Amino acid sequence: MAIHSTKKLAKPPSRTISSESLDQTLENNDTTLRPKSLEDYIGQQEIKKNLAVFMQASKNRSEPLEHVLLHGSPGLGKTTLANIIANEMKTNIRITSGPIMERQGDIAALITNLEPGDILFIDEIHRLKPIIEETLYSVMEDFALDIILGKGPSAKSIRLNLPKFTLIGATTKLSLISSPLRDRFGHTFRLDFYQQNEMEKIIERSAKLLEISIEKEAVKKLAYSSRQTPRIANRLLRRMRDFASVEGLNHLNLSLIEKGLTHLGIDEQGLDGTDRTILRLIIENFRGGPVGLSTLSAATHEEGQTLEDIYEPFLLQKGFLERTPRGRMVTQKGYHHLGLIPPPQDKTQSLLF
Ligand code: ADE
């Protein structure tokens, strides 16, 4: 029996959060620094240009934007972009995340409470349980929710029609999104690491919002130490403001930034203590590598996921680490950065890869 209805189920489970309550749970001040419009969003030029066109076209047709998949490393602004889309489309946004939804009922209660045109933001969408992912297929494609009632021969399937809405999924791991799910997104955008000049603009903008003056050389230094990631830049800026405040200063200069970064264990290349521990461990315990991720995870007491998502991309991009088919290896540059002498290069090994 198919029931066509837009009737709502129970209220969304408490494990889902509105954007305002999520904002309150985020680190203090983070939301004040987040841009609210595409115009204020620095960097990711291609995404901004495309999004502006697609949002305008949707508005012209009075239709919601097609589903959007955002992927990229943590801290690059996926959640910020989702909130900007909601602002620009003048719609509500409901925020949830893949791992907190356990049963079909969790997603059902959430989507049946959406208003037409609303945005549902699912963070870490690669961590959805299979039952929930499968439920999403018809939801995304037909705006219909198929629910099985009962078990065995007397089980019945009912179909609820839903209002048209936009699903925005965010992931740090595009490769873990199955193709049936990926194919149901009308737009897929990859957020890149930010350029030095973009990081400088972000820091200058944030300093203005935090009402603290910062000299150009200090901006450059902070930008260089922020792993090309706005979330890190904003966090470091707030810590520098703390250092300045206890010294009774309302101005950030280069010497204060240098002292502050040293206190936080961040070196001149922007590596923190964990980055250096990882390199040192590979060198000391595994003769520079190759070493597999799980071994490295056990040795460093960091989760494999954290190593892969947070530390590895930065070390690879800095040229201190390389990935070979047999595992991670510290490069000559990595040895030099730690003040160590690299072993002579094995020509046969480098020919192999
Ligand atoms: N704060 C965090 N990300 C930002 C961005 N891309 N532009 C401006 N401010 C930001």
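Start at 1 and go down the list; that is how both ligands and their atoms are numbered. All values derive from a computational prediction rather than experimental measurement. Quick note: residue numbers are just sequence positions, from 1.
Of all atoms in ligand 1, listed by their number and element, those nearer than 4.0 Å to a heavy atom of D40 are 7 (N), 8 (C). Within ligand 1, counting atoms from 1 as listed, the ones closer than 4.0 Å to a heavy atom of L33 are 1 (N). Taking every non-hydrogen atom of Y41 and a distance limit under 4.0 Å, the qualifying atoms of ligand 1 come out as 6 (N), 7 (N). Counting atoms of ligand 1 from 1 in the listed order, those under 4.0 Å from a heavy atom of N234 are 1 (N), 2 (C). The Y194 neighbourhood of ligand 1 comprises atoms 6 (N), with distances under 4.0 Å to a heavy atom of that residue.
Note: H67 and F165 have tilted aromatic rings, judged against thresholds of 30 and 60 degrees for the angle between ring planes. Using the six-membered ring where Trp is involved, Y41 and Y194 have ring planes that are tilted, between 30° and 60° apart.
Pairing each heavy atom of L70 with each of K78, the nearest pair is CD1-O, 3.4 Å.
In the hydrophobic clustering of ILVMFWY residues, with side-chain heavy atoms under 4.5 Å counting as a link, L254 and I203 come out apart.
The protein non-hydrogen atom at the shortest distance from atom 10 (C) of ligand 1 is P35 CD, 3.4 Å. For atom 7 (N) of ligand 1, the nearest non-hydrogen atom of the protein is I42 N, 2.8 Å. Among all non-hydrogen protein atoms, the one lying nearest atom 2 (C) of ligand 1 is P230 CB, 3.5 Å.
Contact annotation: G43 has no heavy atom less than 4.0 Å from any atom of ligand 1. Contact analysis leaves R34 out of contact with ligand 1, as no non-hydrogen atom separation drops below 4.0 angstrom. Taking 4.0 Å as the cut-off, L76 does not count as a neighbour of ligand 1 on heavy-atom distance.
A cation-pi contact, defined as under 6.0 Å to the ring centre and within 45° of the axis, links R184 to Y137.
Exactly one of K221, K216, K220 qualifies for a salt bridge (Lys or Arg N to Asp or Glu O under 4.0 Å) with E200. That residue is K216.
Neither the backbone nor the side chain of Q44 has any atom closer than 4.0 Å to an atom of ligand 1 (non-hydrogen atoms only). Within the 4.0 Å heavy-atom criterion, neither part of T80 lies near ligand 1.
In terms of the ring-ring contact (aromatic ring centres under 6.0 Å, His included) criterion, H251 has no residue partners (sequence neighbours excluded).
A salt bridge does not link K201 with E204: none of the charged nitrogens is closer than 4.0 Å to a carboxylate oxygen.
Side chain of E88 to backbone of L38: a donor-acceptor contact under 3.5 angstrom is found.
Here's the thing with I202: none of its N/O atoms is less than 3.5 angstrom from an N/O atom of ligand 1.
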